[in-house]
Amino acid sequence: MSEVRAVRNLRICSKDCLCLYVCPTGATDTETGQIDFSKCIGCGACSKACPSGAISMVPYQYPKQQTKDDLVIAKLNKLIQSKVEQEQMAEYIYKNSNDSIEKQLAKAIIRANRLMTEDLYREAGFMLPQSKNTKDFLKNLLQQTKDETLKKDIEKLIDLLDFNE
Amino acid sequence: MKKYICPICGYVYDEEKEGIKFDDLPDDWKCPLCGAPKNLFKAEAIEVVVSEEDDEEELREMNYGEISALCSSLARGCEKQYLEEESKLFTKLANYYKSKSEIKESSSFEELVSKINNDLETNYQKARSVASEKEDRGALRVITWGEKVTMILKSLLEQYKNDKDFIKNTKVYVCDICGFIYVGDEKPEICPVCKVPSFKLLEVERGA
């Protein structure tokens with residue numbers, strides 16, 4: 001199996017369709033606009049031919065998560081804790097307000113805090129879904145939950161993700 | 001003559017060039033580039049270094065709100081890699097844990113502002129000094145963006161306190177990359193914090 005596969009950024013794609021002509025397996029021609037990964041052999045012909053730069057070649061196996069210093073993680077976790085609390089406070093305000101402007105502002109604050117938390121997690125050791133950190137996190141979650149449907153979803157994720165460590 | 005700098009987008013107001021003292025500008029003057037209010041501007045000055053005390057964080061279990069945010073972050077990661085099924089599953093987990101995460105018993109914008117102040121005065125400073133020391137530029141990046149977004153949150157809540165209708169006749173957008181909130185009729189061409197093109201600034205609709 002090839003080490004890379006092609007992916008298409010639909011927002012950039014200018015529909016010049018050269019990828020359709022150069023693909024030796026027909027993987028680029030699909031009803032969803034995304035490349036058929038089961039057919040892609042990773043030759044890169046589509047990516048080279050694409051005039052809009054919409055097709056990138058990405059690896060199946062991603063590099064390992066960068067090592068993060070424990071103290072840096074601790075400080076970022078402190079911020080994460082604070083942002084999560086702020087999201088919950090804004091959520092309370094949103095749910096208990098009858099004023100449409102106050103609700104709108106609360107909604108924007110909920111979203112902003114969630115985005116900041118997500119970003120902080122990326123720098124606190126969870127950049128890559130395929131990392132050992134993610135795997136340990138999911139396994140831990142699996143042990144803790146008693147919800148059967150949730151268990152199945154977590155197991156499926158562990159199965160689907162191509163962990164690199 | 002001094003220079004005043006926008007902490008959000010870096011725009012420099014040079015008193016010498018403009019011919020008007022910064023203090024003489026009207027209170028409702030805004031950054032011409034990103035719309036940040038006048039009171040956020042800082043005079044060009046030497047950075048103050050915050051001394052670092054020892055306060056090791058104890059290890060603790062993640063709470064539901066944190067689990068939810070980590071899952072939604074990983075969902076975005078999968079989406080970026082075009083892993084549709086994985087992304088959907090992480091989103092499902094994120095929603096499940098969000099529904100389980102407790103909402104604070106009563107809360108107000110005032111309490112929110114005090115948390116924001118604590119982030120700006122303490123948490124970001126400490127995180128920045130450790131990240132600089134360890135030369136973690138990725139961490140410095142998230143700290144820089146987050147601190148700017150947090151400053152904007154504070155300023156919006158202050159404006160709301162003074163005038164509950166300040167967003168009534170305009171629009172509210174949130175940058176889907178860094179969380180920057182923009183209040184105004186027309187979006188800036190790029191996000192002033194993370195510089196992503198404007199199509200990633202999403203409008204927050206006002207409900208009924």
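First the proteins, then the strands, lettered A, B, ... as listed; each starts at 1.
Of the two parts of Ile116(B), the backbone and the side chain both hold a non-hydrogen atom closer than 4.5 Å to a non-hydrogen atom of chain A. Contact of Gln130(A) with chain B is made through the side chain alone, with heavy-atom distances under 4.5 Å. For Leu138(A), the part lying near chain B is the side chain, with the backbone staying farther off; criterion is any non-hydrogen pair under 4.5 Å. For Gln86(A), the parts lying near chain B are the backbone and the side chain together; criterion is any non-hydrogen pair under 4.5 Å. Using a 4.5 Å cut-off between heavy atoms, Gln81(A) contacts chain B through both its backbone and its side chain. Only the side chain of Asn113(A) has a heavy atom closer than 4.5 Å to any heavy atom of chain B. Within the 4.5 angstrom heavy-atom criterion, no atom of Val58(A) approaches chain B. With a 4.5 Å cut-off on non-hydrogen atoms, Asp69(A) touches chain B through its side chain but not through its backbone. With a 4.5 angstrom heavy-atom cutoff, Arg8(A) touches chain B only via backbone atoms.
In this structure, Asn140(A) contributes its side chain and Asp136(A) its backbone to no donor-acceptor pair below 3.5 Å. In this structure a side-chain-to-backbone donor-acceptor pair under 3.5 Å is present from Thr25(A) to Lys39(A). A donor-acceptor pair under 3.5 Å links the side-chain atoms of Gln125(B) to the main chain of Leu120(B), judged by distance alone. Between the side chain of Thr145(A) and the main chain of Leu142(A), no donor-acceptor pair closer than 3.5 Å is present. Using a distance-only test at 3.5 Å, with no hydrogens or angles considered, a donor-acceptor pair links the side chain of Gln104(A) to the main chain of Val204(B). Side-chain N or O atoms of Tyr160(B) include none that pairs as donor or acceptor with a backbone N or O of Phe109(B) at under 3.5 Å.
Tyr97(B) and Tyr64(B) have tilted rings, their planes meeting at an angle from 30° to 60° on a 0 to 90° scale. Between Phe22(B) and Phe41(B), the ring planes lie tilted relative to each other; the angle falls in the 30° to 60° range.
Heavy-atom pairs under 4.5 Å with chain A peak, among Leu202(B), Ile152(B), Asp136(B), Ile177(B), at Asp136(B). Ranked by non-hydrogen atom pairs under 4.5 Å with chain B, the options Lys83(A), Met127(A), Gln66(A) are led by Lys83(A). Your options are Lys164(B), Lys168(B), Met62(B), Lys98(B), and the one with the most heavy-atom pairs under 4.5 Å with chain A is Lys98(B). Chosen from Ala131(B), Ala75(B), Ser73(B), the residue pairing most often with chain A at heavy-atom distances under 4.5 Å is Ser73(B). Heavy-atom pairs under 4.5 Å with chain A peak, among Cys175(B), Ser72(B), Cys78(B), at Ser72(B). Most heavy-atom pairs under 4.5 Å with chain B: of the set Glu87(A), Gln144(A), Glu102(A), Lys95(A), this distinction falls to Glu102(A). The greatest number of non-hydrogen atom pairs below 4.5 Å with chain A, out of Gln81(B), Glu111(B), Lys134(B), is found for Gln81(B). The most heavy-atom pairs under 4.5 Å with chain B, out of Ile101(A), Ile154(A), Asn77(A), Thr134(A), come from Ile101(A). Most heavy-atom pairs under 4.5 Å with chain B, from the set Ile109(A), Leu120(A), Leu76(A), Thr117(A): that is Ile109(A). For the options Trp145(B), Phe180(B), Phe199(B), heavy-atom pairs under 4.5 Å to chain A are most numerous at Phe199(B). The residue among Ile80(A), Val84(A), Ile35(A), Leu128(A) with the most heavy atom pairs within less than 4.5 Å of chain B is Val84(A).
Taking 4.0 Å as the cut-off between side-chain N and carboxylate O, Lys107(A) and Glu205(B) do not count as a salt-bridged pair.
In this structure, SG on Cys71(B) lies 6.0 Å from CZ on Phe90(B), to the nearest 0.5 angstrom.
For Lys38(B) and Tyr4(B), the positive end is not near the middle of the six-membered ring at less than 6.0 Å and at most 45° from its axis.
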